[in-house]
Amino acid sequence: MSVISTENLTKIYNSGTTAVTALDHVNFQVQPEEFVAVMGPSGCGKSTLLHLIGGLDHPTEGQVHINGNLLTDLDDDSLTELRRRQIGFIFQFYNLIPVLSAVENAALPLLLDGMKPIEAHDRAIEWLSRFDLADRLQNRPDQLSGGQQQRVAIARALVAEPSLILADEPTGNLDTRASDEIAGLLRQVTKEWGRTVVMVTHDPRIAAYADRILFLKDGRIVDDTLLETKDGSSYDAVTAKLKEIGD
Amino acid sequence: MNFQLTLALRYLNGRKLRALLTTLAIVFGVLVVFGMNTIIPAMMRSFQANVLAASGQVDATITLKTGDVFPVAELARVASVQGVRATTGLLDRTVNLQPNYFDHDLAALDSVSALSVVGLNPNEVRNVHSYNIIAGRFLEENDTNAAVISQSLADSIGLNLGSTLTLPTAIGEQSLKIVGILPARAVPGNEEVFVTLSQTQNMFGMPDKINTIEANYDSLDETRRAEIQSSIQSTLGSEYQIGALTSNSELLTSLQLGQAMFNVLGVMGLLMGGFIIFNTFRTVVAERRRDIGMLRALGASRKSIFYIILSEGLMQGIMGTALGMVVGYGFSVLVLKLMGPAMQKFLNVRMGMPEVSLPIVLVSVGLGVGITLLAGLIPAMSASRVTPLEALRPAVGKLNFRRLAGLGFWMGAAMIALAVSTLLTRDAGLIGMGGMLFIIGLILVAPALVSPIAALFGGLASLIFARQGTVHLAQGNLSRQPARAAVTASATMIGLAILVTAASIITSASVGFERVLRKSLGSDYLLIPPSVAVWGTNVGSNPDFARELRALDGVAVVSSLRFAPAQVNDLPISLMGIDPDTYGQVSGLTFAEGDEVAAYAALKTPHSIIISPVLATSIGAKVGDEVSMLTPNGVKAYNVIAIGGDYLNAKIATGYVSQADIAADFGRTEDVLLQLNLTPTTDRAAAESAIKAVVSRYPQYRLISGQGYIDENMQLFDVAFAAMYAVLIFLAVPSLIAMLNTLVIGVIERTREIGMLRAVGATRKQVRTMIVAEAIILAAIGTAFGLLAGLFLGYTTVETLHLSGFPMEYAFPASGVLVTIAAGLLFGILAAIIPARQAARQDVVQALHYE
């Protein structure tokens, strides 16, 4: 069973008298343990696609299935539970709670799910340790570098053992070295920990770490490419593809 | 829930200054409510302790409900009741003393400003009480001009056994030889001077009269004692009460009025605090939109978000309430300590510690925490409706507000119209409600009015800050967020509205009361007792004194007031006896209904009464009605011939009867206040000298010219104004907090815009000017609303008081309005200091990258 499946997924925004079609009858599937990058020019609908998949927004038309659950059938509470247990989010600007420590931020989804704090913290510590943050557990976000903050955010996304990770420009705010680290980490998430990752990015260097790249233009999928190498070395091929599409 | 509390606590800890400022708003409100409700009960308790002190030593203390004197023959009726072992009759009179009566030292505050003269039967009383004489002897039946006092009193006034104690009495100053000393007084209340009953009755012109019966029973069994008490009650009738005299309507009325006023002030303070909390949480939700959206994205339910925001409010409410109660208690202790000497001097009340009761604790907690929770409710609901997407795309959601503002505007306009229409009803209750409706209506229409008012004041600000170029941005900032500006203005509005309302009341009262004052006290001279607020504690003079004054050369007319405590239709009143022939020549009542000349003439008819407007409103009586008057000789019917009052009794329920009636029905011939006029051609200095010589023998009076007394009283209004402006300092705090909050959040939200301004060449001064201009415009909006609300509330309050019988007519508070405008603008400038500096100091690059 595919983790993600979309059928004629469409999103139209009405702004005054103008209607903007952000997504136009998009159909695709993502299989378990796949690492998919979504690329395209600004305004092509890649972030909108991510929001619809994650249940953060409602489609104007079409359907989204996550692990067999039709999202449009779910009410707000059910969607919320889905986000808590089956989906992990990683944002461009980390979105850590500034008044909580690293371990508290990482433990958030479990605490929201009602787990006892001690147990939640133990699991968070486990994930943070995997990301070399064992010595930063009590630091607040303003005491961490950008890369460290994003690693906390990734730990937060994984702590509830979700099957799907959605990352919206996860390296957009990082330098090259940190970006490579994060991209490599996301690869590890799929290969070592068996999760499915869908990542929106505009950076071909980062996209080159994925298994597959969906190219969007004007709200439509214009290309769906499997990469031969997944360690970042397909950068040239990705860049060429982007030029071809006209980014 | 644990996690939600943790998060709430962390957020509060992360913004300590804002949390503190917001909590202060609640502290202020709770401080006033809790503080005043511990002060006033302590005052009431101390006052009642005077009366209760003696009653604890015997099984029964029997008095008339009105506190008046009654025939000594009643003693035998009580003694005849089965189960009564011993009885004694007392005539207990409080004697207020003029300042420095004993020590004549103007520099030092008197330790004794009042005494209780207790007339007793020396043989009978020792069947009921024991008196432990430590020096000399107790009184004997045939003693004349003898007294027994306590060691503490002797020490206070520097007397010993064998010394002479002088006292003002109705028959002039009397000298009493101290024949015995009792141990120092250990219970609260006035020091007592024990004299024989016959001597006391003579000194106060009350032959064969007592005002207290003390009795001891022959049983210790509670059931039997209750039966005996019941028998005594049915023997004597319902005009008597067994226990202690607990009412003195004049002082208790004043205290209760004071308590009510401070409660209103406290609740207003809490409501302002509620606005501050509401405003703060609205901005907190705006500030944390991204965090909230993220939490929702991670799987936090709407309920979780709701409880996180509400938990923060709850914590601030609990902290603010606890702190408010602690500070309030400290405030009470300080106030009682400061008031102690004055209370002792003017009202003979020895102040104790603040009285904390469970009900007031619960009310304070309920109000403090309740209002905080209520204020946080809407922001919490708003936060729970933040969608995950709004964290990623914050520019959604303005349309809904516009719709709400439309509905709110029309509702508010309807309320304002309704409020104004209540003025036509001439009903005090409805007009009072109209005041509150007006305020709520104004708050609802405020968002829609922000833009036009901002445009008006923005234009003015542009003139002030010409060539700065950033003032139009300030105006635009406010117009873009009319809801936030309106909420901030509302908090300022309440504070300034209170100020304008108070100014209206005081200005109107001073005009109205001055008119009555000049009419009541317009004679050439007055002879006034130490306390005009509490007639029953003053010692007057017998009619001989007035006759002596009339006989002096140059004195044209002397008129007096007499007093008796009474009840009309079961309501305690002050009953004043006037001489219908002479009263109008030296003084006059101000009539609401009835003709002055006809009323005085009609008063000569027995059992006629003029009632004050306050009394008329309280019992719903009008001219021509018959009222039931409780006298020592039973209930008598009196006919209401007019409605009018004088200055001295303006605030309390008062009836005016002829001196013939007060003598016949109450046995009162004691003059408690005298007024006299000189003949027009007399030598004023010589006449005054002669008057002083006579008055010297009656030291219970202070001689003062009529104009001098009017000037003294008018000064009270100056004191009231000064106190009002002092209250402004308290009101400033919540208003400043509200404006500071709004301005700080505005700076944070416009970080990138400010960075852009600096990047394109705006100087730091221009950025500061923008913030200051915004603050001034915000303050101007709040001041405009405050003036509107305050003038309307002031008018409705004066009208309500006027309809309730107080002598008030509305006067526009010009000086109050000017002070309010100045204060409002000053608040704005002060509130702008920190945010303006913050905005001007922002690093340009960081600001441009701010998300």
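Proteins get letters first, then strands, A, B, ... in listed order; numbering begins at 1 in each.
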Tell me, for A:Gln92 versus chain B, whether the close heavy atoms (under 4.5 Å) come from the side chain, the backbone, both or neither.
neither
pair A:His51-B:Pro388: side-chain heavy atoms closer than 4.5 Å
no
Can you measure from CG (B:Leu298) to CD1 (A:Ile87) and round to the nearest 0.5 angstrom?
11.5 Å
Considering residues at least two apart in sequence or located in another chain, which fulfil the side chain to side chain donor-acceptor pair (under 3.5 Å) criterion with A:Arg151?
none
Measure from the side-chain N and O atoms of B:Arg10 to the backbone N and O of A:Val99, and report whether any donor-acceptor pair falls under 3.5 Å.
yes
B:Ser304 side, atom OG; A:Arg84 side, atom CZ - distance, nearest 0.5 Å
7.0 Å
Rounded to the nearest 0.5 Å, how far does CD of A:Glu104 lie from CG of B:Leu7?
9.0 Å
Between A:Asp76 and chain B, with a heavy-atom cut-off of 4.5 Å, which part of the residue counts as in contact: side chain, backbone, both or neither?
side chain
Testing the basics here: between A:Phe91 and B:Ala297, what is the closest heavy-atom pair and its distance to 0.1 Å?
CZ-CB, 3.9 Å
What pair of heavy atoms forms the shortest contact from A:Leu112 to B:Gly299, and how long is it?
CD1-C, 4.2 Å
Let's go through A:Thr80 and B:Arg296 carefully: what are the C-alpha distance in whole Å and the side-chain angles of both, what is the deciding distance for side chain to side chain contact (heavy atoms under 4.5 Å, CB included) to 0.1 Å, and is it a yes or a no?
CA-CA 7 Å; A:Thr80 305; B:Arg296 291 280 285 129; 3.2 Å; yes
Does a sphere of radius 6.0 Å around CG in A:Leu70 hold more than 12 heavy atoms from other residues, nucleotides or ligands, not counting ones at 6.0 Å or beyond?
yes
Got a sec: does the CG of A:Asp218 have more than 12 other heavy atoms crowding it under 6.0 Å?
no
Is it true that, when you exclude A:Arg220 itself, more than 12 heavy atoms of the residues, nucleotides or ligands shown sit nearer than 6.0 Å to its CZ?
no
Would you sort out whether B:Asp291 and A:Asn95 count as a side chain to side chain contact (heavy atoms under 4.5 Å, CB included), showing the intermediate values?
CA-CA 7 Å; B:Asp291 279 1; A:Asn95 281 352; 5.8 Å; no
Would you mind checking which part of A:Leu100 comes under 4.5 Å of any heavy atom in chain B, side chain (CB onward), backbone (N, CA, C, O), both or neither?
both
Nearest 0.5 angstrom please: A:Leu96 CG to B:Met294 CE, how far?
7.0 Å
Portion of A:Arg85 that has a non-hydrogen atom of chain B nearer than 4.5 angstrom
neither
What distance separates A:Leu79 CG from B:Thr387 OG1, expressed to the nearest 0.5 Å?
12.0 Å
